[in-house]
Number of protein chains: 2
Amino acid sequence: MPSEQSTATAAPPRPVRRSRAPRGSLSSDLILDHALRLLDEKGLDAFSMRALAEDLGVGTMALYTYFRGKDELFRAARDRVLAAYTPPSAEGSWDQRLRAACIAVHELFTGRPAVLRLLAESTGNDDFIDTATAAMDRMLALLREGGLGREDAARAYGTLSRFTIGSALREVRVCARPEALEAFRARIAALPPERFPHLSDLAPELLLATENGGDQYEYGLDLILCGIRALAQQPASAATGS
Amino acid sequence: MPSEQSTATAAPPRPVRRSRAPRGSLSSDLILDHALRLLDEKGLDAFSMRALAEDLGVGTMALYTYFRGKDELFRAARDRVLAAYTPPSAEGSWDQRLRAACIAVHELFTGRPAVLRLLAESTGNDDFIDTATAAMDRMLALLREGGLGREDAARAYGTLSRFTIGSALREVRVCARPEALEAFRARIAALPPERFPHLSDLAPELLLATENGGDQYEYGLDLILCGIRALAQQPASAATGS
DNA sequence: ACCACTAACGTACAGCGTACGGTAGTGCGT
DNA sequence: ACGCACTACCGTACGCTGTACGTTAGTGGT
């Protein structure tokens, strides 16, 4: 101990001195709740361990009792979101059910913008939660039910997966942001029509398509499903016949 | 000057004292060259203004003479990559040319993994370079040439764009990483077949599809083009007829 | 009553982007 | 030839980040 503190020795920078939080005031679930709320409200960039701890009314290092670090916390948050996925009711033909399943995944993604970025940036080195694996298995089942061969089913799944995440990313980053929409509108209106004739000509349609991203996803999904149905009706690859 | 340095006063932490670089040793182009090299070699996470400056043999703050900050430097790097895009030769039918154009964009993206992440995370608030705008205009032209209506052309372009970036992201993050591939293989082999029967059954095909991502892109692209061709042959939306 | 255990915490360190001010080399007007 | 304005390069410093390490205080077991 350095020395006794005299009455008015100008406390260094006034760190506010929170009183120590009581023993049971933290848990993995509580931390994840606040983390997901913070991520949804302030975004991934504004998130920090310090901000999360302050939001919880707790010292920063208390978080490390429950998670090894930021990465593990993020993985847990991602899994929590994926676990909330509930497959749509199984009605209709195989392609109708496949369509519904894809849309459900897409809505799950776009509903949690910050977590979507975590998903997009994941290297795929770590396990997914059972819910996600089950969803994958179900989609493969539907593709097989539609009559696709083993290889076609695997590749068609890959196509749907790639399109879904790309689409969700796009919507989260631009379609859902009024500022980005306005910037897009201004940019497209300022283009010289003589140099970019088709862009200028289709400006209203492009703008409209950008404004409501969900419709755009379903539109593209139907294009892909059209190709998949063509596969289903023929033994060999029908899509490549250009 | 504070005071004369005595013989062995234990220089603080030894900052190496680089000698000042001569006057003409920097330029925007040179900085971008090194930045792109660093990004490609070490990845986006390992990149920092300090590391870039050291790579250039220059003080950190010298970079701020040419770029307002890290964001502006990244945008310039992105534009430099996009400017390198050369459209493929215009031969064949409209859909063959569209296919070739998409593949060229996809190869451009997967060739610069770090820059792709910059692209994926961009909010779309800022201008694109003329090269990119021209590529967009050309694709719209091809879609129109194929007979698509104004709205269908705009939406089909959106579909291709979403699939292309989602696909490139996937390939860069997992297909091109031996470690990620190995993790995927191990994960899929460890799944209980009774709970995920289709996943287990299609394991070899899924693995094969993951290994060569470029083929996967072309496969999905052909599925989408199949849907687009169906649109081209009918006035109303043909894809939604499920 | 005491102890072992551990949840919550404070401090510290290395690294980040960059605002601000300083310094030295250059080109121009005289 | 001289001086001066200009600016490319740079050092320092500030506030931020994630987290390693050691400390403290509350709790269940004996």
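Here is the naming used below: chain letters follow the sequence lines, and residue numbers restart at 1 for every chain. Keep in mind it's a predicted model, so treat the numbers as computed, not measured.
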>> Strictly below 4.0 Å: does A:Thr65 bring a side-chain N or O up to OP1 or OP2 of C:dA8?
In response: no
> A:Arg50 CZ to C:dC13 P: how many Å, rounded?
Replying inline: 14 Å
> Roughly, in whole Å, what's the span from CG in A:Leu73 to P in D:dG18?
Replying inline: 10 Å
> Over how many whole Å does the gap from B:Met49 atom CE to D:dT17 atom C1' extend?
Replying inline: 17 Å
> Does a donor on one side chain and an acceptor on the other come within less than 3.5 Å for A:His106 and A:Glu218?
Replying inline: no
>> Please confirm whether the shortest side-chain N or O distance from A:Ser25 to OP1 or OP2 of C:dA8 is below 4.0 Å.
In response: yes
> Would one find more than 12 heavy atoms of other residues, nucleotides or ligands at under 6.0 Å from atom CD of B:Glu211?
Replying inline: yes
> Considering residues at least two apart in sequence or located in another chain, which fulfil the side-chain contact (heavy atoms from CB on, under 4.5 Å) criterion with A:Tyr64?
Replying inline: A:Met49, A:Met61
>> Heavy atoms only, 4.0 Å cut-off, all strands: where does A:Tyr64 land among base, sugar-phosphate and nothing?
In response: base
>> Nearest heavy atom decides the nucleotide; on that basis, is B:Asp71 or A:Pro22 closer to the 5' end of DNA chain C?
In response: A:Pro22
> Distance from A:Tyr66 atom OH to A:Glu72 atom CD, nearest 0.5 Å?
Replying inline: 13.5 Å
> To the nearest Å, how far apart are A:Met61 CE and C:dC13 P?
Replying inline: 15 Å
> What integer distance in Å separates A:Arg20:CZ from D:dA25:C1'?
Replying inline: 5 Å
